[in-house]
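Protein chains get the first letters and strands the later ones, always in sequence-line order, with residue 1 at the start of each.
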Amino acid sequence: MKFVNVNDIDSYKDKKVTIKGWVYNSRSSGKIGFLMLRDGFGIIQCIVEKNKLGDESFSLFKTLTQESSIKVKGLVVKNERALGGFEILVDSFEIYQLSKDYPITPKEHGIDYLMNNRHLWLRSKKQHAILKIRHRIIKSVRDFFDNNNFTLVDTPIFTPNAAEGTSTLFETDYFDEKAYLCQTGQLYGEASALAFGRHYNFGPCFRAEKSKTRRHLTEFWMVEPEIAFCDINENMKWAENLLVYIVNEVLINNRDELKIIERDISKLQEINGPFPRLSYTECIELLKKGNYDIKWGDDFGSPEETYISSKYKKPVIVYGFPSKIKAFYMKRDPENEKVVLGMDILAPEGYGEIIGGSEREVDISVLLDRIKEEGLSRKDYEWFLDLRKYGSVPHSGFGMGIERVVAWICGLSHIRETIPFARTMTRLNP
RNA sequence: UCCGGUAUAGCUCAGUUGGUUAGAGCAGCGGACUGUUAAUCCGCGUGUCCCAAGUUCGAGUCUUGGUACCGGAGCCA
């Protein structure tokens with residue numbers, strides 16, 4: 001008898017199969033029982049009839065508890081009354097293990113309780129769907145870059161120095177030396193871009209920010225392309241194409257999951273290029289008109305970001321930020337020294353910044369000045385400065401926070417559900 | 001770090017102006033039921049009322065301090 005996964009069940013109509021999985025829910029009605037079986041690929045209803053299985057087997061069925069692991073053999077039949085259109089008429093079943101007092105019942109639970117039971121919460125329909133979408137997003141990111149001749153080059157997690165300020169680094173003891181967990185792979189990405197032309201890295205980043213918001217994790221995943229011979233405008237185009245590609249892939253491949261999480265798909269269907277582009281200065285004007293107390297030179301807070309993005313249905317590209325509020329490696333605009341050739345992309349529906357990028361500064365003396373201004377040590381950046389000595393070229397890149405993209409595409413109110421095991425200021429377990 | 005809120009059964013919560021024996025639903029256990037969709041119906045049990053101190057004849061309820069968590073701000077992807 002063939003062992004099949006629930007997502008393939010429609011090709012086994014009127015055939016006998018074996019399914020292995022876990023009891024999602026079960027109801028019994030005297031002589032007939034309904035067992036919702038979850039196998040990681042889907043959920044299917046199994047019909048257990050007393051007359052067919054016999055008294056002994058039927059009373060064993062009634063002992064099955066939520067999340068007990070079992071193996072079921074039976075006939076696949078089409079039935080409109082079953083969720084998914086198919087069900088299994090059970091011939092026999094075997095128990096791997098009876099689960100006892102499973103903590104997550106089909107009723108409501110508080111978020112802290114659920115996060116404490118995250119290792120089990122992953123089995124729930126909605127969480128399962130979110131992580132399937134996360135997987136699709138990551139896959140489409142890789143496909144996008146792979147299809148466009150980028151090379152994946154992994155950047156280190158232990159680093160001796162900071163890319164953008166030291167206050168938010170996690171410090172570790174590295175054989176009696178200080179090492180930090182990476183905040184970004186960007187500086188290494190620049191080295192790689194000059195070796196491979198088109199580079200991307202994708203991995204975890206760590207920030208010791210004491211942030212308690214729906215948008216922050218201390219450990220999050222970021223994808224960072226870095227492209228040689230690329231200016232800020234081409235950089236924006238790459239970012240725009242990437243986002244359009246991801247949203248489209250999710251729409252094509254994850255209809256079921258989007259339905260489970262009750263995402264308004266029409267909002268995602270509006271995501272296509274080109275995205276609106278606003279200069280920082282235009283944003284300040286827009287905010288002033290909206291009665292925000294802000295002046296040129298101030299950074300946006302999240303209410304400001306939400307206000308700007310609420311004017312559009314698509315992601316908004318904001319460019320031309322004051323150099324003072326941006327990282328040292330961003331190139332100054334030759335036409336206006338006060339601003340940098342940097343850009344942020346704000347997701348719609350109030351999700352805020354999902355991408356930050358720039359054309360990189362190539363003038364070594366400007367870099368040295370900026371490193372000094374930021375209070376960084378030149379010694380730590382010698383290798384980085386080498387990149388400006390040996391065949392320096394215009395180049396650009398950006399970083400995209402995977403969890404923020406997942407939160408936006410899934411329409412979630414909090415980023416903590418977008419990663420399997422969230423790390424926040426107040427959570428290190430499980 | 002700052003501002004606001006919450007903490008009562010395994011879980012989600014109610015608990016009046018302080019009043020003597022602290023409740024409900026769900027989960028669990030027992031029973032009924034051959035088409036259920038968070039099945040339904042009947043029966044059963046459950047407490048360090050977050051911790052410490054205080055006010056009071058009397059504190060789940062009021063006060064102070066602490067702890068944990070939630071929401072927001074700043075910082076950022």
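Here, B:U36 and B:G30 have their P atoms 25 Å apart, quoted to the whole Å. Nucleotides B:A38 and B:G54 place their C1' atoms 46 Å apart, quoted to the nearest Å. Of the C1' atoms belonging to B:C11 and B:U46, the separation is 13 Å, rounded to the nearest Å. Taking atom P in both B:U56 and B:U63, the straight-line distance is 16 Å, to the nearest Å. For the C1' atoms, the distance linking B:C49 with B:C33 amounts to 40 Å, nearest Å. When the P atom is used for both B:U16 and B:U40, the distance is 30 Å, rounded to whole Å. Rounded to the nearest Å, the gap between the P atom of B:A52 and that of B:G74 is 38 Å. Comparing B:G65 with B:G4, their P atoms are spaced 13 Å from each other, to the whole Å.
Across the strands present, B:U36 finds no partner; the criterion is a Watson-Crick or G-U wobble pair with both atom distances under 3.5 angstrom. Partner assigned to B:A59 is none, using Watson-Crick or G-U wobble distances below 3.5 angstrom. With both pairing distances under 3.5 Å, B:G43 is matched to B:C29 as a Watson-Crick or G-U wobble pair. Applying the Watson-Crick and G-U wobble criteria (two distances, each under 3.5 Å), B:A73 pairs with B:U1. Pairing partner, B:U17: none, since no Watson-Crick or wobble contact has both distances short of 3.5 Å. Judged by Watson-Crick or G-U wobble contacts below 3.5 Å, the nucleotide B:A7 has B:U67 as its partner.
Looking at the side chain of A:Arg215, the nearest of the listed nucleotides B:C69, B:A73, B:G71 is B:A73. Of the candidate nucleotides B:C70, B:A77, B:C76, B:C70 has the atom nearest to the side chain of A:Ile111. Checking B:G35, B:G74, B:C70 against every side-chain atom of A:Arg81, the shortest atom distance belongs to B:G35. In this structure, the nucleotide among B:A77, B:U36, B:U1 sitting nearest to the side chain of A:Gln45 is B:U36.
Per the geometry, NZ belonging to A:Lys210 stands 16 Å off C1' belonging to B:C76, to the nearest Å. Rounded to a whole Å, the CD atom of A:Glu304 is 11 Å from the C1' atom of B:A73. Atom-to-atom, CG of A:Asp299 to P of B:G74 comes out at 10 Å; the value is rounded to the nearest Å. Following rounding to the nearest Å, A:Leu346 (CG) and B:C76 (C1') show an atom-to-atom distance of 13 Å. Following rounding to the nearest Å, A:Met36 (CE) and B:U36 (P) show an atom-to-atom distance of 13 Å. Atom OH of A:Tyr113 is separated from atom C1' of B:C50 by 18 Å (rounded to the nearest Å). Taking atom NE2 on A:His109 and atom P on B:C70, their separation rounds to 17 Å, with Å as the unit. Rounded to whole Å, the distance from CZ on A:Arg27 to P on B:C41 is 15 Å.
Using a 4.0 Å heavy-atom cutoff across all strands shown, A:Gly352 reaches no nucleic acid atom at all. Using a 4.0 Å heavy-atom distance criterion, A:Glu403 is classed as making no nucleic acid contact. Within the nucleic acid shown, A:Thr213 comes within 4.0 Å of at least one base atom, counting heavy atoms only. If you check every strand for non-hydrogen atoms under 4.0 Å, A:Asn79 touches a base. Contacts of A:Glu87 with the nucleic acid, taken as non-hydrogen atoms under 4.0 Å apart, include base atoms. If you check every strand for non-hydrogen atoms under 4.0 Å, A:Ile104 touches nothing. At the heavy-atom level, A:Glu49 lies under 4.0 Å from base atoms of the strands shown. Residue contacts shown for A:Lys212 include a base, since a base heavy atom lies under 4.0 Å away. Residue contacts for A:Ile355: at a heavy-atom cut-off of 4.0 Å it reaches the sugar-phosphate backbone alone, with no base atom in range. If you check every strand for non-hydrogen atoms under 4.0 Å, A:Arg427 touches nothing.
Using a 30° and 60° split on the angle between ring planes, A:Tyr292 and A:Tyr307 fall in the tilted class, from 30° to 60°. Between A:His109 and A:Tyr113, the ring-plane angle classifies as parallel under the 30° and 60° cut-offs. The aromatic rings of A:Phe300 and A:Tyr280 lie parallel to each other, their planes meeting at an angle below 30°, with 60° marking the opposite boundary. Note on ring orientation: taking the six-membered ring where Trp is involved, the planes of A:Phe145 and A:Phe398 are tilted (angle from 30° to 60°).
A salt bridge links A:Lys52 to A:Asp91: one of the charged nitrogens lies within less than 4.0 Å of a carboxylate oxygen. The pair A:Glu67-A:Arg38 meets the salt-bridge criterion, with a side-chain N (NZ, NE, NH1 or NH2) lying under 4.0 Å from an Asp/Glu carboxylate O. Salt bridge present: A:Arg360 and A:Glu226 bring a charged side-chain N and a carboxylate O closer than 4.0 Å.
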What pairs of nitrogen or oxygen atoms, one from the protein and one from nucleotides 25-29 of chain B, lie under 3.5 Å apart?
none

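Where stacking is scored as ring centres under 5.5 Å apart with planes under 30°, A:Phe220 registers as stacked on the base of B:A77.
Each of A:Asn25 and A:Ser302 was matched to the nucleotide of RNA chain B holding its nearest heavy atom; the match closer to the 5' end belongs to A:Asn25. Nearer to the 5' terminus of RNA chain B, by closest-nucleotide assignment, is the contact made by A:Ser26 (compared with the other of A:Ser26 and A:His216).
Checked by distance alone, A:Glu80 brings no side-chain donor or acceptor within 3.5 Å of a matching partner on the base of B:G35.
Annotation: side chain of A:Leu194 is not in contact with side chain of A:His199 (no heavy-atom distance under 4.5 Å).
Side-chain contact, A:Tyr200 with A:Asp146: a donor N or O sits under 3.5 Å from an acceptor N or O.
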Go through the steps for A:Arg215 and A:Ser302 under the test side-chain hydrogen bond (donor to acceptor under 3.5 Å, both in side chains), then give the verdict. CA-CA 10 Å; A:Arg215 289 181 290 283; A:Ser302 59; 2.7 Å; yes

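In this structure, A:Ile354 and A:Arg404 approach most closely via the heavy-atom pair CG2-CB, 3.8 Å.
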